[in-house]
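Note sheet for the following structure.
Throughout, a chain's letter reflects where its sequence line sits, starting with A, and its residues are numbered from 1.
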Amino acid sequence: MKYQKPKGTADILPPFSKEWQFVEQNARETFALYNYEEIRTPIFEKFEVFSRSAGDTSDIVTKEMYDFDDKGGRHIALRPEGTAGVVRAFVENKLYGPEHQKPVKVYYMGPMFRYERPQSGRLREFHQIGVEAFGSDSPKIDVETIMMGMDFLKKLKVSGLKLVINTLGDKESRDRYRQALIDYLEPHFEELSDDSKARLHKNPLRVLDSKDKNDQKIVENAPEILDFLTEDAQKHFTSVKEELDTLGVDYVVDSSMVRGLDYYNHTIFEIMIADSPLGKGDVTICAGGRYNGLVEELGGPEVSGVGFGLGVERLLLLLNAETQTTLQSKQLDFYVVGIGDLVQNDVLKVVHELRQMNFVTEQDYLDRKPKAQFKSADKLNAKYVVTIGESEMNDRVFKLKDMHSGEERTVALSEINTLKDLLK
RNA sequence: GCGGUAUUGGCGAAGUGGUUAACGCACCGGAUUGUGGCUCCGGCACGCGUGGGUUCGAUUCCCACAUACCGCCCCA
């Protein structure tokens, strides 16, 4: 093979591209109901946009960034996630200005890049759909974001949804908790895994998320963030829970849940799927939360934000079999069979007219015999076949065959408009 | 970044250190000089991921590289 796609990339071919369109369309429709509008930002940004926002200790920055120096010597990175670029655009375009209704609600969808070892459902170029809302500290917007994510997944008929929430509190809560965690973990330092040792002082919250069995055991009795919340943080989280209760949404609080990105605080949430093609047990399909402070971090005013992101490749694996079958099935209204060179002009006109009537219409382009053309019509799942041979041409008619029933009748060319009623 | 497995026609898949690389599906043609879904017949890999090496001779052995998949790490 002379050329292969770059490692960790994928071609999205028909009919699977239909599934992508389906997901994207449902996302647009769902978000529109919540009055979110689309924002499109560059696929690459200055490296610092991501390193500043994600946190210097995050894995994304330290080892997964797809970065390079361009010809002008600029340090560029392909976006590893959507939020940083949106925040940069929010600040640069001064969407925090008084003329913009708050909160500013936007969504995006598109490719993201992480330089890592590909595995199934994990590519170097992958796609995310995400939303962000800026300018409200109200728990209402936290809840709305969560509901929107749930609605979207429900609309796609993804089953087994499970909502898990937690809070990271505000800065004060987090600082207090951070210290408590360090105090708790330090006596166990020697028992910790190497990764956790490294994280203990840089970002102790991440230790909670360790996959190491022994770490998990140590962490089991660690102090919980919920006990270190300031009054305000406590209130915020309580409101979020109450509103979810009001809406009758089931959820569980997992106080050990953290985030891979450093910019989150207050409410964080994950929508998980129990036992799915993604793996046994609960797997996260959609993750998000609040990120007050990030706008300032990127040079803007003190404006809060909340959002979520979800991976499209993973989501597609969760579409149920019926949805996939429906989306992938071929459907043609008409196939026009022409017999002989003399009728080509009539075929041309009929095909054109059928398309003008909004019928999905196909014809033969390979000068094949009627038998082969009918075979194609069958393969393409055509509902009707129009046949034009020399005799039909001379009589100014065409044959119309219902491929399902097999019935065939003759229609005058001048009456072609009556076909409008055929398919409702 | 580390470890394991794999790579044969459009797809699936057998196979051997030696002058014909099974089979199935799909596709094309014919049986049926203008009509599909069934049947029968025929066609379809100067080639076995790429590049080296060993050998009289390699798709089959060795090495390197590429890519895919699985696991670790991490996460979407």
Quick test of your reading of the model: are A:R396 and A:D346 salt-bridged, counting only N-O distances below 4.0 Å? yes
Side chains of residues 402-412 of chain A: which donor-acceptor pairs under 3.5 Å do they make with residues two or more places apart or in other chains?
from, atom 1, to, atom 2, distance (Å)
A:D402, OD1, A:H404, N, 2.8
A:D402, OD1, A:S405, N, 3.1
A:S405, OG, A:E407, N, 3.2

List the residues meeting salt bridge (charged side-chain N to carboxylate O under 4.0 Å, His left out) with A:K171, not counting sequence neighbours, and say none if there are none. A:D175
Base, sugar-phosphate, or nothing for A:L310, non-hydrogen atoms under 4.0 angstrom? nothing
Quick one: on RNA chain B, does A:H404 or A:P370 contact a more 5' nucleotide (nearest heavy atom)? A:P370
Measure from the side-chain heavy atoms of A:F374 and tell me the nearest of B:A26, B:G36, B:C75. B:G36
Against the side chain of A:P118, the closest entry in B:C75, B:G34, B:C69 is B:C69
Length of the CG-P vector between A:L123 and B:A68, whole Å: 8 Å
Does the distance from a Lys or Arg side-chain N to an Asp or Glu carboxylate O, for A:D69 and A:R74, drop under 4.0 Å? no
Charged N to carboxylate O under 4.0 angstrom, A:E92 versus A:R88? yes
Looking at residues at least two apart in the chain, or sitting in another chain, which of them share a ring pair (Phe, Tyr, Trp, His ring centres under 6.0 Å) with A:Y177? A:F228
Could you list the residues that satisfy salt bridge (charged side-chain N to carboxylate O under 4.0 Å, His left out) with A:E191, not counting sequence neighbours? none
Assuming nearest nucleotide by heavy-atom distance, tell me which of A:S376 and A:A382 is located more 5' along RNA chain B. A:S376
Among all residues two or more places apart in sequence or in another chain, which pass the ring pair (Phe, Tyr, Trp, His ring centres under 6.0 Å) test with A:H352? none
Here the distance between atom C1' of B:U35 and atom CZ of A:R409, to the nearest Å, is 17 Å
Sugar-phosphate, base or nothing in reach of A:G340, heavy atoms under 4.0 Å: nothing
Sidechain N-carboxylate O distance under 4.0 Å for A:R124, A:E116: no
Can I get a per-line list of side-chain donor-acceptor pairs under 3.5 Å for residues 144-156 of chain A, giving both atom names and the distance, sequence neighbours left out?
from, atom 1, to, atom 2, distance (Å)
A:E144, OE2, A:K105, NZ, 2.9
A:T145, OG1, A:I141, O, 2.7
A:D151, OD2, A:Y34, OH, 2.5

Rounded to the Å, how far apart are A:D364 CG and B:C28 P? 10 Å
In whole Å, what is the span from the CD1 atom of A:I339 to the C1' atom of B:U32? 14 Å
Distance check, C1' atoms only: B:G30 and B:G47, in whole angstrom units. 28 Å
Closest to side chain of A:Y115, choosing from B:G34, B:G1, B:C27: B:G1
Collect all protein-nucleotide pairs involving nucleotides 40-42 of chain B in which both atoms are nitrogen or oxygen and the distance is under 3.5 Å.
none

Once ring pair (Phe, Tyr, Trp, His ring centres under 6.0 Å) is applied, do any residues pair with A:Y291, and if so which ones, sequence neighbours excluded? A:Y263
In whole Å, what is the span from the OH atom of A:Y335 to the C1' atom of B:U35? 12 Å
Decide whether a cation-pi geometry holds between A:R79 and A:F44; the criteria are a distance under 6.0 Å from NZ or CZ to the six-membered ring centre and an angle within 45° of the ring axis. no
Could you tell me whether A:S391 contacts a base, only the sugar-phosphate backbone, or nothing, with contacts defined as non-hydrogen atoms closer than 4.0 Å? base
Pick base, sugar-phosphate or nothing for A:E392, based on heavy-atom distances below 4.0 Å to the nucleic acid. base
What integer number of Å spans the P atoms of B:A13 and B:U7? 10 Å
Based on Watson-Crick and G-U pairs with both distances under 3.5 Å, what dot-bracket line describes RNA chain B 5' to 3', crossing pairs as [ ] and inter-strand pairs as |? (((((((..(((.....[....))).(((((.......))))).....(((((..]....))))))))))))....
Could you go through A:F334 and A:Y384, starting from their C-alpha distance and side-chain angles, then the distance that decides it, and tell me whether this counts as ring-ring contact (aromatic ring centres under 6.0 Å, His included)? CA-CA 5 Å; A:F334 284 93; A:Y384 294 94; 5.6 Å; yes
Within the structure shown, what part of the strands sits under 4.0 Å from A:L315 by heavy-atom distance: base, sugar-phosphate, or nothing? nothing
Using a cutoff of under 3.5 Å, can you pull out all pairs of nitrogen or oxygen atoms linking the protein to nucleotides 65-67 of chain B, with atom names and distances?
from, atom 1, to, atom 2, distance (Å)
B:A66, O2', A:Q4, OE1, 3.3

Can you list the residues that meet the ring pair (Phe, Tyr, Trp, His ring centres under 6.0 Å) rule with A:F22, with sequence neighbours excluded? none
Give me the distance, rounded to whole Å, that separates B:A26 from B:C11 when you measure between the P atoms they each carry. 15 Å
Carboxylate-amine/guanidinium proximity below 4.0 Å for A:D11 and A:K5: no
Between the protein and nucleotides 29-31 of chain B, list every N/O to N/O distance that falls short of 3.5 Å.
from, atom 1, to, atom 2, distance (Å)
B:G30, OP1, A:K369, NZ, 2.1

Between B:C72 and B:U55, how many Å separate the two C1' atoms, rounded to a whole number? 40 Å
Does the plane of the ring in A:F90 sit parallel, tilted or perpendicular to the ring in A:F134? Use 30° and 60° as the thresholds. parallel
Would you mind reading off the distance between A:Y66 atom OH and B:C75 atom C1', rounded to a whole angstrom? 18 Å
Rounded to whole Å, please give me the gap between CZ in A:R117 and C1' in B:C72. 10 Å
What is the distance, to the nearest angstrom, from the CG atom on A:D378 to the P atom on B:G37? 7 Å
When all nucleic acid strands are considered with a 4.0 Å heavy-atom cut-off, which category describes A:E313: base, sugar-phosphate, or nothing? nothing
Look at the side chain of A:Q373 against the base of B:U35 and say whether a donor-acceptor pair falls under 3.5 Å; ignore hydrogens and angles. no
